[in-house]
Amino acid sequence: MSDIPVRLAEVKHAIAEAARAAARPADAVTLVAVSKTFPAEAIEPALIAGQRVFGENYVQEAKEKWPALRERHPGVELHMIGPLQSNKARDAVQLFDVIESLDRTSLAKELAKEMARQQRRPTLLVQVNTGAEPQKGGVLPEQVDAFLAECRDQHGLAVSGLMAIPPADEPPAPHFALLTTIARRNGLAIVSMGMSADYQQAIAMGATHVRVGSAIFGARG
Ligand SMILES: *Cc1c(COP(=O)(O)O)cnc(C)c1O
């Protein structure tokens, strides 16, 4: 656990280097530190080191860990990056500042309802299934434009960007390129892509947010 601030600093340095190499400003890329499965005791050193943007995959787990951490460390921005069940929309709107996994009509409806009810407007990203993998969430690439229009026109939701998780067994570059292309075509500012193994490449290809877990917190058990 004592390694966490060191690894965090290394990742931040690598992000700055990748941004520089791509002739992008250092602040063009936000590090989302993915703390899923790690206990509060592992997250606290990252908070003390100044990290404020975190990603979690499970609503229940986030609910158990983050209210107390937030009280001790103001200014946290929490991202939901895992598959989101519609019946968890209420908790998700309450807990998260950014929801990266909007990917279907039923969820758009529930989020719109909860955002109106709670008067809270988390930033929304649409997850894109760039590899058209059947087991994975996300809108198919050819359906993204229509889904964005549906979110806007039928559910009154402002979508700020896109997120993708490329297939584990393929080179990620074509998937990163595709996500950036779809985001630009739709005038979306946020492109969330790249994990521990490939975030430098994602930055070269236009990522504004990289989601890095194991390179900071270590291997998940
Ligand atoms: C777990 C996870 C990550 C982080 O993966 P690492 O390989 O540990 O960096 C990023 N994005 C999503 C959606 C995840 O589920």
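First listed ligand is number 1; within each ligand, the first listed atom is number 1. Small disclaimer: the values here were computed from a predicted structure and weren't measured.
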Quiz prompt | Single hit among Val159, Val98, Asp97 for side-chain contact (heavy atoms from CB on, under 4.5 Å) with Thr123 | solution = Val98
Quiz item: Do you know which of Lys63, Glu61, His79 makes side-chain contact (heavy atoms from CB on, under 4.5 Å) with Glu56?
Solution: Glu61
Quiz item: Below 4.0 angstrom, N of the basic side chain to O of the carboxylate: do Glu10 and Arg7 qualify?
Solution: no
Could you list each N/O atom of ligand 1 together with any protein N/O atom closer than 3.5 Å, one pair per line with the distance?
{"unit_1": "ligand 1", "atom_1": "8 (O)", "unit_2": "Ser214", "atom_2": "N", "d": "2.8"}
{"unit_1": "ligand 1", "atom_1": "8 (O)", "unit_2": "Ser214", "atom_2": "OG", "d": "2.9"}
{"unit_1": "ligand 1", "atom_1": "8 (O)", "unit_2": "Arg220", "atom_2": "NH1", "d": "2.8"}
{"unit_1": "ligand 1", "atom_1": "8 (O)", "unit_2": "Arg220", "atom_2": "NH2", "d": "3.1"}
{"unit_1": "ligand 1", "atom_1": "9 (O)", "unit_2": "Ser196", "atom_2": "N", "d": "2.9"}
{"unit_1": "ligand 1", "atom_1": "9 (O)", "unit_2": "Ser196", "atom_2": "OG", "d": "2.5"}
{"unit_1": "ligand 1", "atom_1": "9 (O)", "unit_2": "Gly213", "atom_2": "N", "d": "2.8"}
{"unit_1": "ligand 1", "atom_1": "11 (N)", "unit_2": "Arg211", "atom_2": "NE", "d": "2.8"}
{"unit_1": "ligand 1", "atom_1": "15 (O)", "unit_2": "Lys36", "atom_2": "NZ", "d": "2.7"}
{"unit_1": "ligand 1", "atom_1": "15 (O)", "unit_2": "Asn57", "atom_2": "ND2", "d": "2.8"}

Self-check item: Over 12 foreign heavy atoms within 6.0 Å of NZ, Lys136
Solution: yes
Quiz item: Should the pair Arg52-Glu77 be classified as a salt bridge under the 4.0 Å nitrogen-to-oxygen rule?
Solution: no
Quiz item: For the side-chain contact (heavy atoms from CB on, under 4.5 Å) test, which of Ile99, Leu84, Leu102, Ile165 pairs with Gln127?
Solution: Ile165
